[in-house]
Colleague: 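Take a look at this one; I'll ask things after.
These numbers come from a predicted model, not from an experiment. Heads up: numbering here begins at 1 and tracks the sequence.
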Amino acid sequence: MSAHNDIEKGGLHATTPQQALGNNGVLPASYGQAVRPSRIGNPGALGLFSFASTTFMLSLYNLQTRDIHHPNVVVGMAIFCGGLAQLLAGMWEFPRGNVFGGTAFTSYGAFWMSYATILIPGSGILTAFTDEKELASGLGIFLTAWFMVTFFLLIAALRKNWGFIALFALLAITFILLAASEFTGKVALAKAGGGTGVVTAFIAYYVGLSELLAAEDMAVVRLPLGIFPKRVD
């Protein structure tokens with residue numbers, strides 16, 4: 001079977017960078033434009049809804065809604081919805097050529113799985129700490145690392161659309177507020193992070209619904225995201 005037929009069936013191009021270099025060590029201009037068709041549907045709505053739902057729940061717990069002080073009910077959601085569903089969405093984004101979406105969904109899927117692991121009593125992570133200040137510092141560093149990841153994704157989103165900019169900007173603020181709460185022990189900062197997280201969740205719902213409607217030929221309405229026009233070099 002020829003390489004051309006492989007491409008038509010959705011396979012990856014058979015030519016490697018080394019083969020394309022040839023004798024002069026220079027990639028041809030057409031190499032980066034190899035067609036890599038995919039029949040995978042847009043998994044964006046799945047990833048965004050999963051992220052939004054899990055973030056919404058945890059943010060309400062951080063707000064201590066209805067006197068909830070323990071976030072452990074979110075563990076199941078964090079493993080299967082925010083974690084597994086987002087991880088799968090990220091894996092489906094990569095073969096579609098969407099590096100940004102694949103990186104974001106896979107990263108936050110891993111975040112929710114790792115956070116759930118911390119909260120699972122059987123993991124022994126929380127019980128390993130006898131000093132509450134040491135545990136708070138550990139959680140603060142954990143959240144700070146995810147603030148940095150979110151900030152980097154925000155930079156990458158600056159030329160995409162206003163929906164993604166608002167989503168990652170507010171998510172970065174959420175992470176830094178929760179990290180500051182752990183470092184200082186101030187409940188007010190945790191509640192502020194919870195409030196920002198709720199707004200972040202609703203923005204993610206909006207962007208996810210926009211992606212879902214855009215994929216439907218007979219959608220009753222379209223939701224704008226404020227997409228920036230592509231630059232012409």
Colleague: Does any part of the side chain of Ile120, heavy atoms only, come nearer than 4.5 Å to the side chain of Ile79, both counted from C-beta?
Modeller: yes
Colleague: For Trp112 and Gly82, work out which heavy atoms get closest and say how close.
Modeller: CD1-O, 3.5 Å
Colleague: Mind checking what makes ring pair (Phe, Tyr, Trp, His ring centres under 6.0 Å) contact with Phe164, not counting sequence neighbours?
Modeller: Phe100
Colleague: Mind checking side-chain contact (heavy atoms from CB on, under 4.5 Å) for Ser137 and listing every partner two or more places apart, or none if nothing turns up?
Modeller: none
Colleague: Once rounded to the nearest 0.5 Å, what's the spacing between atom CG of Leu48 and atom CZ of Phe105?
Modeller: 4.0 Å
Colleague: Does Tyr206, at its OH atom, have more than 12 non-hydrogen atoms belonging to other residues, nucleotides or ligands within less than 6.0 Å?
Modeller: yes
Colleague: In Å and rounded to the nearest 0.5 Å, what is the CG to CD distance from Leu46 to Glu211?
Modeller: 11.5 Å
Colleague: From Asn98 CG over to Asn42 CG, what is the distance, rounded to the nearest 0.5 angstrom?
Modeller: 8.0 Å
Colleague: If the condition is side-chain hydrogen bond (donor to acceptor under 3.5 Å, both in side chains), which residues does Gln86 pass it with, not counting sequence neighbours?
Modeller: none
Colleague: Please find the pair of heavy atoms, one from Met91 and one from Thr106, that lie closest to each other, and give the distance.
Modeller: CE-OG1, 3.4 Å
Colleague: Might you point out which heavy atoms bring Ala116 and Ala78 nearest each other, and give the distance in Å?
Modeller: CB-CB, 3.7 Å
Colleague: Verify ring pair (Phe, Tyr, Trp, His ring centres under 6.0 Å) between Phe51 and Phe111, making sure each step is shown before the conclusion.
Modeller: CA-CA 10 Å; Phe51 169 82; Phe111 162 76; 8.5 Å; no
Colleague: Over all heavy atoms of both residues, which pair between Val99 and Phe94 is shortest? Give the atoms and the distance, please.
Modeller: O-CE2, 4.0 Å
Colleague: If I compare all heavy atoms of Asn62 with all of Gly194, which pair ends up nearest, and what's the gap?
Modeller: CB-CA, 3.9 Å
Colleague: Can you confirm whether Phe183 sits close enough to Ile141 that some side-chain heavy atom of one is under 4.5 Å from a side-chain heavy atom of the other?
Modeller: yes
Colleague: Is any side-chain heavy atom of Phe175 closer than 4.5 Å to a side-chain heavy atom of Thr144?
Modeller: no
Colleague: Applying side chain to side chain donor-acceptor pair (under 3.5 Å) as the test, list every pair that has at least one member in residues 46-59; sequence neighbours left out.
Modeller: Ser53-Tyr205
Colleague: For His70, does the NE2 atom sit with more than 12 other heavy atoms under 6.0 Å from it, leaving out its own atoms?
Modeller: no
Colleague: What's the spacing between Thr184 OG1 and Leu189 CG if we round to 0.5 Å?
Modeller: 4.5 Å
Colleague: Working to the nearest 0.5 Å, report the span between CD of Glu132 and CG of Leu139.
Modeller: 11.5 Å
Colleague: Can you run down the side chain to side chain donor-acceptor pair (under 3.5 Å) pairs that involve residues 185-204, sequence neighbours left out, and say none if there aren't any?
Modeller: none
Colleague: Pairs in or reaching into residues 151-167: which pass side chain to side chain donor-acceptor pair (under 3.5 Å), with residues at least two apart or in two chains?
Modeller: none
Colleague: Could you list who else is in Val187's hydrophobic cluster, with ILVMFWY side chains joined at under 4.5 Å, directly or through other members?
Modeller: none
Colleague: Keeping the roles fixed (side chain from Arg222, backbone from Leu213), state whether a donor-acceptor pair exists under 3.5 Å.
Modeller: yes
Colleague: Mind checking side-chain contact (heavy atoms from CB on, under 4.5 Å) for Arg66 and listing every partner two or more places apart, or none if nothing turns up?
Modeller: none
Colleague: Mind listing the closest non-hydrogen atom pair of Thr117 and Ser123 along with its distance?
Modeller: O-OG, 2.7 Å
Colleague: Atom CD1 in Ile173, atom CG in Leu178: separation rounded to 0.5 Å?
Modeller: 12.0 Å
Colleague: Can you find a heavy atom in the side chain of Trp146 that is under 4.5 Å from one in the side chain of Val149?
Modeller: yes
Colleague: Among residues at least two apart in sequence or on other chains, which ones pass ring pair (Phe, Tyr, Trp, His ring centres under 6.0 Å) with Tyr115?
Modeller: none
Colleague: Could you list the residues that satisfy side-chain hydrogen bond (donor to acceptor under 3.5 Å, both in side chains) with Thr150, not counting sequence neighbours?
Modeller: Tyr108
Colleague: Tell me, please, which residues at least two apart from Thr103 pass side-chain hydrogen bond (donor to acceptor under 3.5 Å, both in side chains).
Modeller: none
Colleague: Report yes if the side chains of Pro71 and Leu119 come closer than 4.5 Å at any heavy-atom pair, otherwise no.
Modeller: yes
Colleague: Before we go on, tell me: are the rings of Phe152 and Phe168 under 6.0 Å apart, centre to centre?
Modeller: no
Colleague: Considering only heavy atoms from C-beta outward, does the side chain of Phe228 approach that of Ile165 to under 4.5 Å?
Modeller: yes
Colleague: Go through the steps for Leu63 and Ile68 under the test side-chain contact (heavy atoms from CB on, under 4.5 Å), then give the verdict.
Modeller: CA-CA 8 Å; Leu63 281 169; Ile68 297 174; over 6 Å; no
Colleague: I'd like to check the side-chain hydrogen bond (donor to acceptor under 3.5 Å, both in side chains) partners of Glu182; sequence neighbours left out, ordered by chain and number.
Modeller: none
Colleague: Between Phe49 and Cys81, is there a side-chain heavy-atom distance shorter than 4.5 Å?
Modeller: no
